[in-house]
Protein chains: 2
Amino acid sequence: MALKPVTRKSVSDQVFDQVLDEVVDGSLAAGEQLPSERQLAEVLGVSRPAVREALQRMAQTRLVEVRHGGGATVRDFRRYGGLDLLPRLLVRGGGIDPAVARSIVEARTSIGPGIAALAAERGGPALGVALDAVVERLSGTTDPVAWQELALEFWDVVVDGADSIVFRLMFNGLRAAYEPALPALAPALAGEVGQVDPYRVLTAAIGAGDPATARAAAERVLAPTNESLISAFAALTETPGGDD
Amino acid sequence: MALKPVTRKSVSDQVFDQVLDEVVDGSLAAGEQLPSERQLAEVLGVSRPAVREALQRMAQTRLVEVRHGGGATVRDFRRYGGLDLLPRLLVRGGGIDPAVARSIVEARTSIGPGIAALAAERGGPALGVALDAVVERLSGTTDPVAWQELALEFWDVVVDGADSIVFRLMFNGLRAAYEPALPALAPALAGEVGQVDPYRVLTAAIGAGDPATARAAAERVLAPTNESLISAFAALTETPGGDD
DNA sequence: GTTGGTCAAGTGGTAAGACCAGTGACGGCG
DNA sequence: CGCCGTCACTGGTCTTACCACTTGACCAAC
């Protein structure tokens, strides 16, 4: 009997989710006016403060624009949305959106090597040691989920070594989208468990302060995961998967 | 007589800003407990709903964690923060943070070429035409601010052509951080106004569907701006600059 | 007709007070 | 000593009221 933690979503959370869904799936088109707070409150059967908290959060993500006395307007999420709505786009409509999944893979592949090169430039030997420690733990791991978690931590350390805050913030956003899906994703990526050699090569290049080699090594670390990720996402389309 | 729009910040905005500032500058360290909503409301002289809206927005950006009945905890913004707090980090402490500025330049340089290559792969001739139109407008522009706006729009079109939602969302976040600073930044970048040739080369490569050439061309588009950007940010350190 | 002003209705912003629902620590009881 | 209930405190929600702003209609003066 597998028990799972009870989820208790607050009212404002639910309002937020509903409005966000309508914005993302186009039921509320860009430029459209939202119902007034009072109307929303009545329709949804909740209080106005609850609605307001949800709308303020929507405004915080730049998905709606609220003007004092002038109502709230939906904005084009493709034009104004941030990385934070990546999870919502990924699971669009009950299944995984393959275009979004592909895009995540592309971003990994495209950005990772550059970060590795920066880390090689700046990290110094200390970074190599830190990475070695992670790789060591990686080599002793057989559980797919734990392995992916460690892979994520490996990159976390690399990103720290790159010492470039923009990459750091991007990584945070991607991780926030990626990590919750790990339990559902990891089994499909089980094939790469145990393949620590690419990580060792990358670690060595970074520790040696060799950006060019690090860039190439990063590509070899990321490449094998890519096709597996795409198919993993595809396989997830009709699978319940890890929620929240 | 230069008039500027009157700014009227709502109470919850001000609370949000204050708390955010304290988190970013470390007055509220990671792991620390925030005062209770009731205490905050009393200390700041505002109502509890106003405080709640601000805290909910903080939670939305993953900078604080709120547990029902268990208070609110500050999280490490370097570990959990998203791209949306880039503007705040950039102007840390009244001046421009050079490390953040450098990082923005690095991200431009590192990611731009990959996006250009993707756009070349996927855009087709139609994308070339769209880019041509922007370049044409670019060539007729002498005002520095307008020129930078158009450069931003050029990349906007490129990112659309790359058809990869993650890059799109990243670009949105960077743009949201970059655009407000443009009026203050553009004059320092006036040197590049009129240099449309790199853009033409890039446009041609993308229109021709040549990823490798597009990648190289993108580097040549971005490179000249980089040193100017760094010094522009530096010059901005002791200049009022565009607020909000 | 255009300009400018006033007004009313609707909307978001703020406040106060009350109560519900979790959390956590303290102290009594076995 | 350990378990467990109580209670104070915290966040979550609702109600009600009022303020501030936007919009559009209407009207007077030019």
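From a predicted model like this one, the values you see are computed outputs, not experimental measurements.
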| message | Please report the interatomic distance CG(Leu150(A)) to CH2(Trp155(A)), rounded to the nearest 0.5 Å. | response | 15.0 Å

| N/O donor-acceptor pair under 3.5 Å between Arg168(A) side chain and Val159(A) backbone | no

| message | I need the CD-C1' distance between Glu65(A) and dT11(C), as an integer number of Å. | response | 15 Å

| task | Without swapping roles, check the side chain of Glu32(B) against the backbone of Ala29(B) for a donor-acceptor pair under 3.5 Å. | result | yes

| Side-chain ion pair, Arg102(B) and Glu106(B), N-O less than 4.0 Å | yes

Contact list (N/O, under 3.5 angstrom) for nucleotides 11-15 of chain D vs protein:
unit_1: dG11(D); atom_1: OP2; unit_2: Glu37(B); atom_2: N; d: 2.8
unit_1: dG11(D); atom_1: O4'; unit_2: Gly69(B); atom_2: N; d: 3.2
unit_1: dG11(D); atom_1: N7; unit_2: Arg38(B); atom_2: NH1; d: 2.9
unit_1: dG11(D); atom_1: O6; unit_2: Arg38(B); atom_2: NH2; d: 3.0
unit_1: dG11(D); atom_1: N2; unit_2: His68(B); atom_2: NE2; d: 3.1
unit_1: dG11(D); atom_1: N3; unit_2: His68(B); atom_2: NE2; d: 3.2
unit_1: dG12(D); atom_1: OP2; unit_2: Arg52(B); atom_2: NH1; d: 2.5
unit_1: dG12(D); atom_1: OP2; unit_2: Arg52(B); atom_2: NH2; d: 3.3
unit_1: dG12(D); atom_1: N7; unit_2: Arg48(B); atom_2: NH2; d: 2.7
unit_1: dG12(D); atom_1: O6; unit_2: Arg48(B); atom_2: NH1; d: 3.1
unit_1: dT13(D); atom_1: OP1; unit_2: Val11(A); atom_2: N; d: 2.2
unit_1: dC14(D); atom_1: OP2; unit_2: Ser47(A); atom_2: N; d: 3.0
unit_1: dC14(D); atom_1: OP2; unit_2: Ser47(A); atom_2: OG; d: 2.9

| query | Could you state the CD-P distance from Glu42(B) to dC9(D), rounded to the nearest angstrom? | reply | 14 Å

| According to a strict under-4.0 Å criterion, is Gln39(B) in side-chain N/O contact with OP1 or OP2 of dC9(D)? | no

| request: Output yes when a side-chain donor or acceptor of Gln60(B) lies under 3.5 Å from a complementary backbone atom of Thr61(A), and no otherwise. | output: no

